[in-house]
Protein chains: 2
Amino acid sequence: MALREPIIIPHLQDCGSCTIRHRAVCARCDSDELLRLEQMKYYRSFEAGQTVIWSGDRMDFVASVVSGIATLTQTMEDGRRQMVGLLLPSDFVGRPGRSTAAYDVTATTDLLMCCFRKKPFEDLILSTPHISQRLLEMTLDELDAAREWMLLLGRKTAREKIASLLAIIARRDVSLNPRKSGPIVFDLPLTREEMADYLGLTLETVSRQVSALKRDGVILLEGKRHVTVNDFDRLLEVAGDDSDGGYPV
Amino acid sequence: MALREPIIIPHLQDCGSCTIRHRAVCARCDSDELLRLEQMKYYRSFEAGQTVIWSGDRMDFVASVVSGIATLTQTMEDGRRQMVGLLLPSDFVGRPGRSTAAYDVTATTDLLMCCFRKKPFEDLILSTPHISQRLLEMTLDELDAAREWMLLLGRKTAREKIASLLAIIARRDVSLNPRKSGPIVFDLPLTREEMADYLGLTLETVSRQVSALKRDGVILLEGKRHVTVNDFDRLLEVAGDDSDGGYPV
DNA sequence: TATCCTGTTTGATCTGCATCAAGGCCGGGC
DNA sequence: GCCCGGCCTTGATGCAGATCAAACAGGATA
């Protein structure tokens, strides 16, 4: 995989929703640590559809999504694909202590990532406990999300799966762009095929079930991507979720 | 849920495969920290079939499995169940920073757990970075296992699912009881129904596919539980796994 | 020994989703 | 304007696994 040369940003600079700075460091660490992190930081950008890294490739960095969406997928030899992670702004990728990527990482929209070389980042973790504590919290959240997802994959019907995915995206959208109340409106960031890879379905089934939810009035749909959810509780009900706050995605 | 009063073990004492002591502490911490952990430690035992804790219940401890097997399961209102975690000796349960259980935890065999009250354990984490680093490693391993499991749930056939589960159990068994070579022999620790909950199948399908693997000579089966695997690579092939070391369960 | 109970196997049938196939929509290049 | 290629929808058909139902095995109890 040929990569453009990373851009080293040597001074303090805001990087939007970058997790490392905003959550792990800023809130708790002193300015020396923040400065060290900033000096290690560089950005990489990708166009929609580009592969960030292939499973099995050497991976000498860790990163945080600044803007855009990326996916983690696993592929079997015969081509069957399953998405195993959805990376939204502020999510972390990469794993201290492992030198090769375990999954394909792909940009589904234009993507900006804030990266740190792995070795100095690992050194920093060893000397700065707040960072590994914050990483532990984030990893536990991801594990919870993965387990919710396992229930979806193992036991939900196609209709419930689609409704669940829409609920996840709607909830994320609300938390990023809070509104007082009223309908939730968003554009689907995934193609039908990507939704299918997420849900363990085929793209035809996704298409049929999206149409069915529209026909039944659970969602409104303009064009192929623009979704309006008037009754979020109804959506949750169709998703088969207990109507609590659930879903720590 | 009525619990027997925990037994406080005030002095250093071996606890077999207890993760906290052996992996997180012994190898890296000084004896003061080890002593503090030992003073916090107590044991709880459960009989096969007993529920350790229900989802939503207050959970004021974290624990490590010493012996026996436990499962984490999620249940939908209508009774559909999906196992989302399988806890084997040395596995860790509970989550610093959360006060209620997110899953049902059930002992599938007689079970001994080594517990720590959550509050003092959290305090210890804050003051002892090695522990949270070790927890981070373990959580990342669990996340990898969950993602492998997602591929299984979303994309594998019933036959592949069964073979995958047998491979996981066989591999665990080999790593616990190493042998030079030759057939891998073990007893299934799960009922057909538990296997079904693990794999997102019904117990009838599990039964049929186990019989099919026996008929095809992929496994030998004496009685309902006693399994012999003569050709592990063949089993992996049927499981649809790339034949690398895979599966960090 | 008979009887019960739990876990399991096996058979018959049904159905939800995959698969195969054909068009439709729309934006971009010429 | 036209055509082309991605993405999406819709229809027809098939099949893997669910569901419903019955019987079996083996250990515990009496």
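Lettering of chains follows the sequences in order, A, B, ..., and the numbering in each one begins at 1.
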Going by heavy atoms in the side chains, are A/Met150 and B/Met83 under 4.5 Å from each other? no
Let me know the distance between [atom1] of [X] and [atom2] of [N], rounded to the nearest Å.
| X | N | atom1 | atom2 | result |
| --- | --- | --- | --- | --- |
| A/Leu203 | D/dT10 | CG | P | 13 Å |
| A/Glu193 | D/dG5 | CD | P | 18 Å |
| B/Arg155 | D/dG17 | CZ | C1' | 16 Å |
| B/Arg80 | D/dT19 | CZ | C1' | 14 Å |

Please collect all side-chain hydrogen bond (donor to acceptor under 3.5 Å, both in side chains) contacts where either partner lies in residues 103-113 of chain B, sequence neighbours excluded, each pair once. A/Asp144-B/Tyr103
OP1 or OP2 of [N] versus the side-chain N and O atoms of [X]: is any pair under 4.0 Å?
| X | N | value |
| --- | --- | --- |
| B/Arg159 | D/dA16 | no |
| A/Ser207 | D/dC8 | no |
| B/Thr202 | D/dA18 | yes |

Can you tell which of A/Val210, A/Val229, A/Leu213 makes a side chain to side chain contact (heavy atoms under 4.5 Å, CB included) with A/Leu166? A/Leu213
Earliest and latest nucleotide of DNA chain C, 5' to 3', sitting under 4.0 Å from a non-hydrogen atom of chain A? C/dC17 to C/dC20
Other residues, nucleotides, ligands: >12 heavy atoms within 6.0 Å of B/Arg159 CZ: yes
B/Arg155 atom CZ, neighbour heavy-atom count above 12 within 6.0 Å: yes
Have a look at A/Gly200 and say if it touches a base, only the backbone sugar-phosphate, or nothing, with a 4.0 Å heavy-atom cut-off. sugar-phosphate
Within the 4.0 Å heavy-atom criterion, would you say B/Leu201 contacts the bases, only the backbone, or no part of the nucleic acid? sugar-phosphate
Can you check side chain to side chain contact (heavy atoms under 4.5 Å, CB included) on B/Ile219 and B/Thr228, steps first, answer last? CA-CA 6 Å; B/Ile219 59 169; B/Thr228 303; over 6 Å; no
Apply salt bridge (Lys or Arg N to Asp or Glu O under 4.0 Å) to B/Arg215 and list each qualifying residue two or more places apart in sequence or on a separate chain. none
Can you name the atoms? Protein N/O to nucleotides 20-27 of chain D N/O, anything below 3.5 Å, with the distance.
unit_1: D/dC20; atom_1: N4; unit_2: B/Glu204; atom_2: OE2; d: 3.2

Mark yes or no for whether [X], through its side chain, and [Y], through its backbone, hold a donor-acceptor pair below 3.5 Å.
| X | Y | answer |
| --- | --- | --- |
| A/Asp216 | A/Val218 | no |
| A/Arg44 | A/Met113 | no |
| A/Glu222 | A/Val227 | no |

Using heavy atoms and a sub-4.0 Å distance, could you list which residues of residues 209-220 of chain B are near DNA chain D? By number, please. none
Work out how much the helix from C/dT1-D/dA30 to C/dC30-D/dG1 bends between its end axes, five pairs an end, to the nearest 10 degrees. 30°
Pair A/Asp141 + B/Arg95, salt bridge at N-O below 4.0 Å: yes
